[in-house]
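Step one of this worksheet: look at the structure below.
Sequence lines set the chain letters: A, B, ... in the order given, protein chains first and strands last, and positions in each chain run from 1. All values reported here derive from a predicted model rather than from experimental measurement.
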Amino acid sequence: MARLTAGIASSHVPLLGVGIDQGKTEEDYFKPIYAGYDWTREWITQPDNKPDVVILVYNDHASAFDMNLIPTFAIGCADEFQPADEGWGPRPVPTVKNDADFAWHVAQSLILDEFDMTIINDMDVDHGLTVPLSLMFGQPAEWPAKIVPLAVNVVTYPVPSGNRCWMLGEAIARAVESYPEDLNVQVWGTGGMSHQIQGPRAGLINQEWDQRFLDDLTKDPQRLRKLPHIEYLRETGSEGIEMVMWLIMRGALGDNVRELHRHYHVPASNTAVGHVVLENC
Amino acid sequence: MADRVSEYLAAFDDIPGTRVYTTKRARQGYWLNQFCMSLMKAENRKRWLADERAYLQDWRMTDEQKDAVLARDYNRLLDLGGNIYFLAKLFSTDGLSFVQAVSTMTGMSEDEYKAMMMAGGRSPQGVRSIKEGN
Ligand SMILES: [Fe+2]
């Protein structure tokens, strides 16, 4: 039986990929950002914690999807995915290998569970997916886990509600539990935290709001589930809405979770960086 | 029954200095954003950089959109249906980082903007709602 063992959340700021790719991790600007991931990079190599498969929830930033197709929830089911060329050449990171048997199982289970997923085979994956991999795994020759990409539309409104994201997480947990193979599965939710990269209000950061969001992932997740889009927009900037993707991760875990690790830092580029590791208790 | 869609959308216009990327903007900016997307290919970037006006002739954009592209007026492009992740292809082709391009929309210099970010970013105080002024 596959087991859902932990949930990880992290920002996926493109600059954090650049910093790693260009060997800048020791520079003053970057050092405190990456330092917050040291704990996780150590933790995740322990035999009990090392995932066989990660369901990686992220959003595409006009890389694989243009304005022609806007899937609300899409799951990658091919055997592998290449890092996208986002306009300055693909990141020098390993090909992302999927566990396609598992991914197809999850896709089928979600659809039978009334989540009408879009299924994708041919897709390049952008910084939204590859930056968290670099933050958690460093620079290996091959990624040490299989990755199921799960892309969420958080660009064109209406994006899915926090509650819908939560429910998708619950359905993902059921899909994992019903898979016969013995796999250690993690769900990662990425993006956020507060940031706005457009218009005269750009640069908005709301540390107080972000910290309360981090607190309530364990203390009061039901509050987070009900937050309307307008609150994310007003309080956390237009791109803070990415945090609904964290709720897919959180919904996949049980009622009670323990926070194993937390990291928060301002700024990385235009963004507040947040990162937590959660496990069921 | 109250119209959920218009209620949902109306609140977006109450956020200062922010253009939420609604379906209305997505329709208005369809070709503008698809044009930006074309710059992801190296051969297109080359053709674009060689002659911007000639390149734009192939795209079904309005004259206003074309002028704003040529002027790199990003706030105007947002108003005309551009989305920042698509516009990013345009400023990346110019060799600008996100911070550099984003700062041009704020009325601050790049250095002022960077200093604000290093000091913890823009406070939400006073820029949550036009109506409430909070
Ligand atoms: Fe993102």
Side-chain angles (χ1 to χ4, degrees), chain A residues 13-15 18 29 59-68 70 84-89 124 126 128 153-159 161 194-210 228-231 233-241 266-272, chain B residues 5 8-9 11-12 14-23 25-26 29-31 33-34 36-42 45 74-75 78 82-90 92-93 95 97-99 101-103 105-108 113-114 116-124 127-129 134:
Chain A
V13 188
L15 182 70
V18 175
Y29 183 90
N59 67 293
D60 178 82
H61 307 76
S63 303
F65 305 124
D66 58 15
M67 287 317 297
N68 188 39
I70 310 172
D85 180 349
E86 300 182 48
W88 48 89
D124 289 348
D126 74 10
N153 166 43
V154 290
V155 174
T156 306
Y157 283 75
V159 305
S161 69
S194 54
H195 66 303
Q196 172 153 343
I197 57 171
Q198 52 112 336
R201 200 178 71 141
L204 188 127
I205 299 283
N206 192 338
Q207 305 204 21
E208 211 178 307
W209 196 99
D210 287 344
H229 292 156
I230 188 71
E231 174 161 345
L233 287 161
R234 285 193 202 283
E235 295 287 341
T236 74
S238 47
E239 279 63 56
I241 193 66
V266 178
S269 177
N270 304 281
T271 307
Chain B
V5 176
Y8 173 84
L9 296 174
F12 294 167
D14 179 51
I15 308 171
T18 304
R19 280 82 154 184
V20 181
Y21 193 65
T22 56
T23 55
R25 290 207 164 92
Y30 182 81
W31 288 111
N33 291 317
Q34 296 299 76
C36 291
M37 206 64 192
S38 73
L39 298 178
M40 285 185 63
K41 292 209 172 74
R45 288 197 290 271
Y74 288 104
N75 277 327
L78 294 172
N83 175 274
I84 192 62
Y85 294 120
F86 291 77
L87 298 174
K89 318 298 176 197
L90 181 59
S92 297
T93 302
S97 72
F98 265 94
V99 163
V102 167
S103 70
M105 293 180 250
T106 61
M108 305 167 94
Y113 183 80
K114 277 185 179 157
M116 174 181 79
M117 293 316 298
M118 290 309 289
R122 184 190 303 282
S123 163
V127 288
R128 292 181 170 96
S129 160
N134 62 347

Side chain, backbone, both or neither: which part of A:Val159 has a non-hydrogen atom closer than 4.5 Å to chain B?
backbone

Chain A shares the most heavy-atom pairs under 4.5 Å, among B:Asp14, B:Asn83, B:Leu39, with B:Asp14

Checked A:Ile197, A:Leu15, A:Val18 vs chain B; the most non-hydrogen pairs under 4.5 Å come from A:Ile197

Any chance you could lay out the side chain to side chain contact (heavy atoms under 4.5 Å, CB included) test for A:Glu239 and A:Thr271, step after step, and finish with the verdict?
CA-CA 9 Å; A:Glu239 279 63 56; A:Thr271 307; over 6 Å; no

Honestly, the part of A:Pro228 sitting under 4.5 Å from a heavy atom of chain B is neither

At a heavy-atom separation under 4.5 Å, does B:Thr93 approach chain A through its side chain, its backbone, both, or neither?
neither

Check whether any side-chain heavy atom of A:Asn68 sits under 4.5 Å from a side-chain heavy atom of B:Tyr30, and report yes or no.
yes

Please flag which part of B:Met37 lies under 4.5 Å from any non-hydrogen atom of chain A: side chain, backbone, both or neither.
side chain

Sub-4.5 Å side-chain heavy-atom contact between A:Asp85 and B:Met40:
no

Contact leader toward chain A among B:Arg25, B:Met108, B:Arg128, B:Lys41, where contacts are heavy-atom pairs under 4.5 Å
B:Arg128

B:Tyr74 portion near chain A, given a 4.5 angstrom heavy-atom threshold
neither

By the definition side chain to side chain contact (heavy atoms under 4.5 Å, CB included), identify the one residue from B:Thr106, B:Ile84, B:Thr18, B:Val102 that meets it with A:Gln196.
B:Thr18

Against chain B, label A:Gln207 side chain, backbone, both or neither, depending on which of its atoms sit under 4.5 Å from a heavy atom there.
side chain

Taking side chain as C-beta onward, heavy atoms only, is B:Ile15 less than 4.5 Å from A:Ile230?
yes

Modelled atom types, side-chain donor and acceptor of A:Asn59 and B:Tyr85, under 3.5 Å:
no

Under the salt bridge (Lys or Arg N to Asp or Glu O under 4.0 Å) test, residues paired with A:Glu86 that sit two or more places apart
none

If you tally heavy-atom pairs under 4.5 Å against chain B, which of A:Leu233, A:Ile241, A:Ile70 wins?
A:Leu233

Could you tell me which residues satisfy side chain to side chain donor-acceptor pair (under 3.5 Å) with A:Ser63, sequence neighbours excluded, listed by chain and number?
A:Asp126

Measure distances from B:Ser97 to the heavy atoms of chain A and classify the residue's part below 4.5 Å as side chain, backbone, both or neither.
neither

Considering only heavy atoms, which portion of B:Met116 lies under 4.5 Å from any heavy atom of chain A: side chain, backbone, both, or neither?
side chain

Highest number of heavy-atom pairs under 4.5 Å with chain A: which of B:Ala88, B:Ser129, B:Cys36?
B:Ser129

Most heavy-atom pairs under 4.5 Å with chain A, out of B:Pro124, B:Gly121, B:Ala26, belong to B:Pro124

Tell me whether the centres of the aromatic rings in A:His229 and B:Phe12 are closer together than 6.0 Å.
no

